Amino acid sequence: MGHDLCRLPATHRGRHPRRPRLDPARRHHPLRLAAGDITLITAPGGYTITDEPGTSPQFLIRDGRKCLPTGAPADLHPTLSPRTYGDGLAGATVMLRGVYDLHGSSASRLLALIPPLAVVPSGPRTQAALDLLATETARDEPGQDAVLARLLDLLLVIALRAWCTGPEASPPAWYQALTDPSIGEALRLLYDNPAHRWTVASLATKVGLSRAAFARRFTALVGQPPLGYLTDWRMTIAADLLRDTQQTVATVAHQVGYRDPFAFSVAFKRASGHTPSAWRGSCQQGVRHTVTA
């Protein structure tokens with residue numbers, strides 16, 4: 001089954017900026033990072049963090065282990081904190097790295113927000129989250145993995161927000177529409193309860209607009225009519241449920257707002273090109289599919 005990785009290397013502190021690059025294809029020019037910068041990497045393959053682009057790698061971090069370039073295990077410094085790699089020298093540049101193993105149609109919507117390599121410059125909000133994450137990473141106390149997971153979630157959300165409001169970003173229409181008071185609220189209603197029997201009129205009433213004004217504004221900001229967007233979102237959820245659970249097609253249909261499994265199957269095939277059963281079977285065989293809204 002295909003998986004996508006979202007990596008978050010971030011420069012916490014250091015006197016000498018480092019240059020991360022993507023290997024082995026080197027699809028991007030080396031980028032210089034300043035203290036507090038966050039890099040969002042969704043491109044496949046590895047990447048190198050180095051003082052200069054021509055410097056040969058000294059160590060590999062693979063599956064949470066420090067290795068020599070040959071792949072042999074490397075000795076860890078005995079005085080380093082938990083989850084920490086390096087030589088332990090004073091004044092060394094400190095990098096924080098987190099990885100999300102993403103898969104599915106819902107994940108594709110997240111990855112579509114950013115290019116294969118995006119740099120979020122240091123700022124007050126991101127720096128505060130980095131400082132807290134750096135402090136907690138060096139600790140080894142009960143519940144530490146849960147603390148780190150939530151802090152990494154926080155950092156990712158803040159970094160995505162910062163990127164999407166930056167000059168280089170081209171976020172999708174639905175993301176930009178979230179900032180509109182009325183349409184943003186309508187989208188949150190659809191996300192929170194996709195199985196509800198929504199109508200254009202009921203959504204318009206919820207957000208305090210007339211039916212015609214709501215439909216017109218929603219289509220203009222999101223790029224498609226409200227119920228068309230709802231159908232796409234339902235199919236996105238259904239695709240992940242079919243792949244990740246053993247629920248019956250009828251149960252999945254009910255969870256995304258269809259009382260009739262046949263009607264759901266027709267809608268799903270229209271969106272994905274596959275029947276629900278065929279989709280599930282191919283996913284189990286490792287074929288990679290996505291349905292995106």
Side-chain angles (χ1 to χ4, degrees), residues 1-12 14 17-53 57 60-62 93 95-127 129-130 133 151-180 184 187 191 221-224 229 232-233 236 239-240 288-293:
M1 185 182 301
H3 289 257
D4 294 299
L5 296 179
C6 181
R7 306 171 180 86
L8 289 84
T11 309
H12 179 233
R18 295 296 189 255
R19 293 178 181 266
R21 70 175 187 263
L22 298 182
D23 288 326
R26 297 190 182 184
R27 288 171 289 274
H28 300 271
H29 295 295
L31 297 176
R32 185 175 295 277
L33 296 180
D37 288 352
I38 298 174
T39 312
L40 301 171
I41 303 173
T42 60
Y47 62 91
T48 300
I49 299 173
T50 179
D51 53 353
E52 292 296 337
L60 298 176
I61 306 300
R62 180 176 297 161
T93 295
M95 306 288 295
L96 301 178
R97 175 181 179 268
V99 179
Y100 281 84
D101 189 356
L102 304 173
H103 67 277
S105 299
S106 298
S108 296
R109 291 167 57 88
L110 174 63
L111 295 178
L113 291 174
I114 51 179
L117 176 62
V119 176
V120 179
S122 176
R125 298 187 68 187
T126 55
Q127 188 62 54
L130 278 176
L133 182 59
L151 287 177
L152 188 59
D153 290 344
L154 172 65
L155 184 62
L156 176 60
V157 172
I158 292 175
L160 286 173
R161 282 179 177 174
W163 168 259
C164 289
T165 57
E168 299 181 43
S170 299
W174 62 263
Y175 181 88
Q176 300 180 65
L178 287 170
T179 61
D180 181 85
L187 287 170
Y191 294 149
L221 293 180
V222 179
Q224 63 185 129
Y229 185 85
D232 285 351
W233 177 235
T236 298
D240 289 347
R288 184 174 179 174
H289 298 299
T290 58
V291 172
T292 56

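In what follows, every heavy atom counts, from backbone to side chain, and hydrogens, waters and symmetry copies are set aside. Bear in mind the structure is a predicted one, so any value in this text is a computation, not a measurement.
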Residues in side-chain contact (heavy atoms from CB on, under 4.5 Å) contact with [X], at least two apart in sequence or another chain:
X	result
P121	D37
A177	I183, L187, L221, V222
A173	none

Least distance between heavy atoms, [X] atom then [Y] atom:
X	Y	answer
P171	A169	CD-C, 3.5 Å
W163	E168	CH2-CB, 3.7 Å
P115	T42	O-OG1, 3.3 Å

How long is the straight-line distance from [atom2] of [Y] back to [atom1] of [X], given to the nearest 0.5 Å?
X	Y	atom1	atom2	result
I158	Q127	CD1	CD	11.5 Å
L96	L155	CG	CG	8.0 Å
I41	R97	CD1	CZ	8.5 Å

Open item on the list: With a 4.5 Å cut-off on side-chain heavy atoms, are L156 and L160 touching?
Closed with: yes
- [ ] Quick one: list whatever passes ring pair (Phe, Tyr, Trp, His ring centres under 6.0 Å) with Y191, sequence neighbours left out.
- [x] W233
